[in-house]
Amino acid sequence: MSEALPKRVRIVEVGPRDGLQNETQVIPTAVKLELIGLLAQAGLRNIEATAFVSPRWVPQMADHAELLGALHSGPHAETARYPVLTPNLRGYESARRAGAREVAVFAAASEAFSQKNINCSIAQSLQRFEPLMAAAQADGVAVRAYVSCAVGCPYSGPVAPAQVAALAAELKQMGCYEISLGDTIGVGTPGQIRQLLDAVAAQVPMACLAGHFHDTYGQAVANVYAALECGMTVFDASVAGLGGCPYAPGASGNVATEELVYLCQGLDIETGVDLQQLLAAGAYICAQLGRVNPSKLARAMATK
Ligand code: HMG
Ligand code: MG
């Protein structure tokens, strides 16, 4: 059965951004740098480091410039990519001043979530991205995009796959090289993910799509598997399953990177990640946060 599955996947580690944006305590920059260093040592090559959003909205990411500057002069600068979230031109320009070589814009397939998260409509968000896309193109900076609420919205309920497909196609057409489909509140089940990918892949090639599955309802690994069967090869994941979104009440973290790597190992799918070193990175950040790693896999392996 695994013959039909991809031989290799690319993991985009989003723990330092999606994970730490959601913590009530503000994590010191030095701790973030240590975590990102451990993730890079474990073999992760795409690590979403921070967000150039308003510090009044998300104070946890206020050290974005200092953090990114340090990463670009750090030991993994040549091997790791450190994309950052940029909601508008202002964020893009700050990110560039701090040395960003790759950024990500984020839109939502739900009007209500767009308003709560970035204080504008979906159409206005696309207008905000236009000057950013032009600047990025001129600078040779790669732009990734997120479509949040790809399955459901915390404010307005289920979201139709056609709505997600239309927005993903628009973002691709604007020049984003990859569109990450965010099940922001983790309500999706494998059957829904298949329907979603059928709809979106009819408009955007599967090679330009990524899965960003939050694990709120315990479906994230199953959803990754469904997406693998559909031919998806890029997955966002968060060490120790950290995360959520400050504007999606009740949402919990992404699929734990540890669980994604373990799943792939069992299917002979290459990730380039050393599971033991990844577990060490998870143990480090959980100790800093004063909690036990919530990933079942991490708990099981800690007793070995
Ligand atoms: P706004 O208030 O509508 O913006 O915020 P504005 O243009 O009216 O400006 C208001 C103030 O913000 C001004 O400052 C601007 O200069 C400043 P003031 O004059 O009042 O002092 N400002 C900025 N400051 C820093 N960086 C910027 C920036 N832009 C304006 N880039 C804005 C609009 C988007 C900035 C705001 O709503 C915001 O920061 N929202 C945060 C959204 C966020 O970070 N959400 C979490 C990440 S998304 C997510 O987690 C989902 C994802 O994981 C996928 C999934 O799971 O679905 C990606
Ligand atoms: Mg997310």
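Counting convention: from 1, in listed order, for ligands and their atoms alike. Computation of the quantities below employed the complete heavy-atom set of this structure, encompassing side-chain atoms and omitting hydrogens, waters and symmetry-equivalent molecules.
Taking every heavy atom of both residues into account, Glu259 and Lys296 meet most closely at OE2-N, 3.3 Å. Closest heavy-atom contact between Cys149 and Thr184: N-OG1, 2.8 Å.
Here the CD atom belonging to Glu66 is positioned 7.5 Å from the CG atom belonging to Leu33, to the nearest 0.5 angstrom.
Remark: the Ser114 side chain and the Glu111 side chain contain no N/O donor-acceptor pair separated by less than 3.5 Å.
Between Arg10 and Glu178 there is a salt bridge, since at least one side-chain N of the basic residue sits less than 4.0 Å from a carboxylate O of the acidic one. A salt bridge does not link Arg17 with Asp236: none of the charged nitrogens is closer than 4.0 Å to a carboxylate oxygen.
Scanning the protein heavy atoms around atom 30 (C) of ligand 1, the nearest turns out to be Asn88 ND2, 3.7 Å. Annotation: atom 52 (C) of ligand 1 to nearest protein heavy atom, Arg17 NH2, 3.7 Å. Counting protein heavy atoms only, atom 50 (O) of ligand 1 is closest to Gln21 NE2, 2.8 Å. The protein atom (non-hydrogen) at minimum distance from atom 14 (O) of ligand 1 is Arg56 NH2, 4.0 Å. Here the protein heavy atom with the shortest distance to atom 27 (C) of ligand 1 is Phe52 O, 3.7 Å. Ranking protein heavy atoms by distance to atom 4 (O) of ligand 1, first place goes to Arg128 NH2, 4.7 Å.
Aromatic ring pairs are classed by plane angle as parallel below 30°, tilted from 30° to 60° and perpendicular above 60°; the pair Tyr82 and His72 is perpendicular. Phe235 and Phe213 have tilted rings, their planes meeting at an angle from 30° to 60° on a 0 to 90° scale.
Considering both main-chain and side-chain atoms, Asn119 comes within under 3.5 Å of ligand 1 through a nitrogen or oxygen pair. Of the N or O atoms in His214, one or more lie within a sub-3.5 Å distance of an N or O in ligand 1. At under 3.5 Å, not a single nitrogen or oxygen of Val147, backbone or side chain, sits near a nitrogen or oxygen of ligand 1.
Remark: atom 48 (S) of ligand 1 lies closer than 4.0 Å to at least one protein heavy atom. Under the 4.0 Å distance rule, the nearest protein heavy atom to atom 22 (N) of ligand 1 falls inside the cut-off. Within 4.0 Å of atom 2 (O) of ligand 1, at least one protein heavy atom is present. For atom 19 (O) of ligand 1, no protein heavy-atom neighbour is present inside the 4.0 Å cut-off. Atom 10 (C) of ligand 1 is not flagged as protein-proximal [any protein heavy atom, distance under 4.0 Å]. Distance remark: protein heavy atom present below 4.0 angstrom from atom 40 (N) of ligand 1. At least one protein heavy atom sits closer than 4.0 Å to atom 56 (O) of ligand 1.
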Working for salt bridge (Lys or Arg N to Asp or Glu O under 4.0 Å), residues Arg291 and Glu23: CA-CA 12 Å; Arg291 73 173 68 123; Glu23 293 296 326; 2.7 Å; yes
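Put simply, Asp236 stays out of reach of the Mg ion (ligand 2), with no N, O or S atom under 2.8 Å from it.
Under the 4.5 Å side-chain heavy-atom criterion for ILVMFWY residues, no single connected hydrophobic cluster contains both Tyr177 and Val12.
When each of Ile36, Leu20, Ile285 is tested with Val31 by the rule side chain to side chain contact (heavy atoms under 4.5 Å, CB included), just one qualifies, namely Ile285.
Sorting the N, O or S atoms of His214 by how far they are from the Mg ion (ligand 2) puts NE2 first.
Take the Mg ion (ligand 2) as the corner point: the lines to NE2 of His212 and to OD2 of Asp18 open at 90°, to the nearest 10 degrees.
Here atom 51 (C) of ligand 1 lies nearest to Ser148 when heavy atoms of Ser148, Pro246, Gly19, Gly186 are compared. Here the shortest heavy-atom distance to atom 42 (C) of ligand 1, taken over Thr86, Val53, Asn117, belongs to Asn117.
A cation-pi geometry, defined here as NZ or CZ lying under 6.0 Å from the six-membered ring centre and within 45° of its normal, does not hold between Arg90 and Tyr92.
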